[in-house]
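Quick caveat: nothing in here was measured; it's all calculated off a predicted structure. Just so it is clear, the values below take in all heavy atoms, side chains as well, and ignore hydrogens, waters and symmetry mates.
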Amino acid sequence: MPTIRVTGLHVRHRKTVALDSLDVDFGPGVHGLLGPNGAGKTSLIRVLATVAEPAGGRVEILGEDTGDHRRLGDVRRRLGYLPQDFGYYPGFTVREFVAYVAWLKEMPAAATPSAVERAVARVGLADRIDAKVRTLSGGMVRRVGIAQAIVNAPQVLLFDEPTAGLDPEQRVEFRELLRELGTSATVIVSTHLVEDVAAACTEVTLVDEGRVAYRGTPQSLAALGETAVGVSGDNPIERGYTAALRAHRAHGSAAQAVRTLEGTAR
Amino acid sequence: MTTSGLLLYARSRTLPRTVAALAATAALAVWAAHGLDAYLDPSRRVPVVALAPLAASALIGASLYSASDELDRTAVRPWWRRRLVHLLALTALAAALLPWAVLGHTSSFGPPAMIRNTLGCVGLTAASAVLLGARLSWLPVFAYVSAVYVAAAGVDGGSVPAWAWLMQPAGERGAWLVALVAFAAGTVLYLLRGARAEGTRD
């Protein structure tokens, strides 16, 4: 049974349609959410994080309908979220900021200090736990963001561009953390970096123009790239990404695009 | 709510600094009012009675800003209770401190008028925070109070208490009604919606 089930999701930003009758579900594991700028990735992540309300459709997380406001607290307690731009309080130390989020998640007060230390250690910032967040580099701030997202040991984790600002070594470490988190939780990672998807994800969902353009494993997307003709990209998965996007735009539906791509691959 | 959680919340909204700034505003108002010959002419207190609540409401409005609004929205507990306590506590503090500047003459521009104007200005600021964001919440109220301050001088008429409520003597019922409605509407709007998120969104 999927942990997250999205049916007919419709999101608008004023007159722009961000998500258009989107159907998708996610189970345990690490899911890469790929797509061009403005495809609707952030809109989908924000709706799943329960910070944005959709114009239509239904979202079920861990068996709870997020449209039912009485159940929202239970969902949020088991959810971790790293927004693209999470903002932080300049006067807070790393420890205080992560503890603040633990408080928002209503973690038991007695368990909070050790949970905070554990989360901060997992992102490699144990030695900076009492440093002010404002004194940290961009990459370190991003890792503080990851720490706050995992402090409550969530069953559903939503990361929006988590590797932005991380150096190559930190990205490799983050991918390792993702794989580890994916063994016990449903992790959705929105990213522009296909290397992250190839290295850490068990499944990839390509979103384009508010719809699912492709779903499969990183290996199957790479296989499309191996056989695609006349598409650009530095590696098979990038070429697969471009081929899937082209097919979706040409045929207008994910199912048709996949059939076409499979035909091409054969 | 744990104590340490509440302390972190207070620091996240710079509440200690806001409280100190409110106290400083009240002290400034006392100093400004001291120089006025208000016993002979109570209406000379009007600048203090109008401007001190304006300054206090701007400080309260700024404290409604959240640097990590996106994460705050994932809180398990609905925000309205925290917002209510936050707004009421600071309003009560301002309403308790500012009247010290204008003690006496309760029927004209004394403590009741100061309290009325504090409530009205806070209500307008809270509504502005919902519509424009906390950091700009002072702007519409500042523009309104400035316009009223200039336009209401020497003007008389039936509608004056409604639009120039903060320039009216304490006994003017219409002015009280408008200020209380502004406070109630602004508070309810803020409780339900919170301050408008500031920042970029995809």
Side-chain angles (χ1 to χ4, degrees), chain A residues 13 18 37-46 49-53 69-70 72-93 95-110 112-113 133-134 145 148-149 152 154 158 160-161 190, chain B residues 1-21 59 62-86 129-137 188-189 191-202:
Chain A
H13 298 308
N37 285 333
K41 304 186 298 294
T42 294
S43 296
L44 176 58
I45 291 267
R46 294 190 74 232
T50 72
V51 299
E53 284 207 32
H69 285 243
R70 290 166 303 178
L72 215 47
D74 285 342
V75 174
R76 288 175 171 170
R77 197 173 275 119
R78 295 183 285 168
L79 199 118
Y81 173 42
L82 171 66
Q84 219 171 77
D85 179 13
F86 66 91
Y88 57 84
Y89 302 104
F92 277 17
T93 63
R95 187 194 299 275
E96 288 168 341
F97 183 71
V98 179
Y100 173 75
V101 176
W103 174 69
L104 291 180
K105 298 288 180 188
E106 301 216 325
M107 288 183 67
T112 298
V133 181
R134 67 163 181 260
Q148 65 76 26
N152 55 329
L158 306 162
D160 197 355
E161 301 288 353
S190 164
Chain B
M1 290 191 192
T2 61
T3 312
S4 60
L6 283 176
L7 284 175
L8 288 172
Y9 171 82
R11 284 181 51 211
S12 74
R13 268 47 174 196
T14 62
L15 292 186
R17 205 182 306 168
T18 304
V19 169
L59 293 169
S63 79
L64 306 180
Y65 173 70
S66 165
S68 70
D69 172 75
E70 189 82 344
L71 290 179
D72 284 348
R73 284 170 193 266
T74 66
V76 169
R77 198 174 290 225
W79 274 100
W80 71 266
R81 287 190 198 94
R82 290 171 193 149
R83 289 176 186 148
L84 181 67
V85 172
H86 180 146
V130 174
L131 299 173
L132 295 176
R135 287 189 292 190
L136 281 179
S137 60
V188 169
L189 200 58
L191 294 192
L192 296 177
R193 303 279 303 276
R196 182 181 171 161
E198 297 171 51
T200 53
R201 292 276 152 75
D202 185 9

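- Both the backbone and the side chain of A:Val51 come within less than 4.5 Å of a heavy atom of chain B.
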Trace of the side chain to side chain contact (heavy atoms under 4.5 Å, CB included) decision for B:Leu8 with A:Tyr89: CA-CA 10 Å; B:Leu8 288 172; A:Tyr89 302 104; over 6 Å; no
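- If you tally non-hydrogen atom pairs under 4.5 Å between each of B:Ser12, B:Ala75, B:Ser66 and chain A, the highest count goes to B:Ser12.
- Only the backbone of A:Tyr88 comes within contact range of chain B, with heavy atoms under 4.5 Å apart.
- Contact of the A:Tyr100 side chain with the B:Asp72 side chain is registered, since non-hydrogen atoms from C-beta on lie closer than 4.5 Å.
- Relative to the ring axis of A:Trp103, B:Arg11 does not place its NZ or CZ within 45° and under 6.0 Å from the centre.
- Residues A:Leu104 and B:Arg82 share a closest heavy-atom pair of CD2-NH1, 4.1 Å.
- At least one donor-acceptor pair closer than 3.5 Å links the side chain of A:Arg76 to the backbone N or O of B:Arg73.
- Shortest non-hydrogen contact noted between B:Ser68 and A:Gly87 is CB-O, 3.4 Å.
- A:Arg46 has its side chain within reach of B:Glu70: a pair of non-hydrogen atoms, C-beta onward, lies under 4.5 Å apart.
- Among all heavy-atom pairs drawn from A:Tyr81 and B:Leu71, the shortest one is O-CD2, 3.5 Å.
- Applying the 6.0 Å contact sphere to CZ of A:Arg78 captures more than 12 heavy atoms from other residues, nucleotides or ligands.
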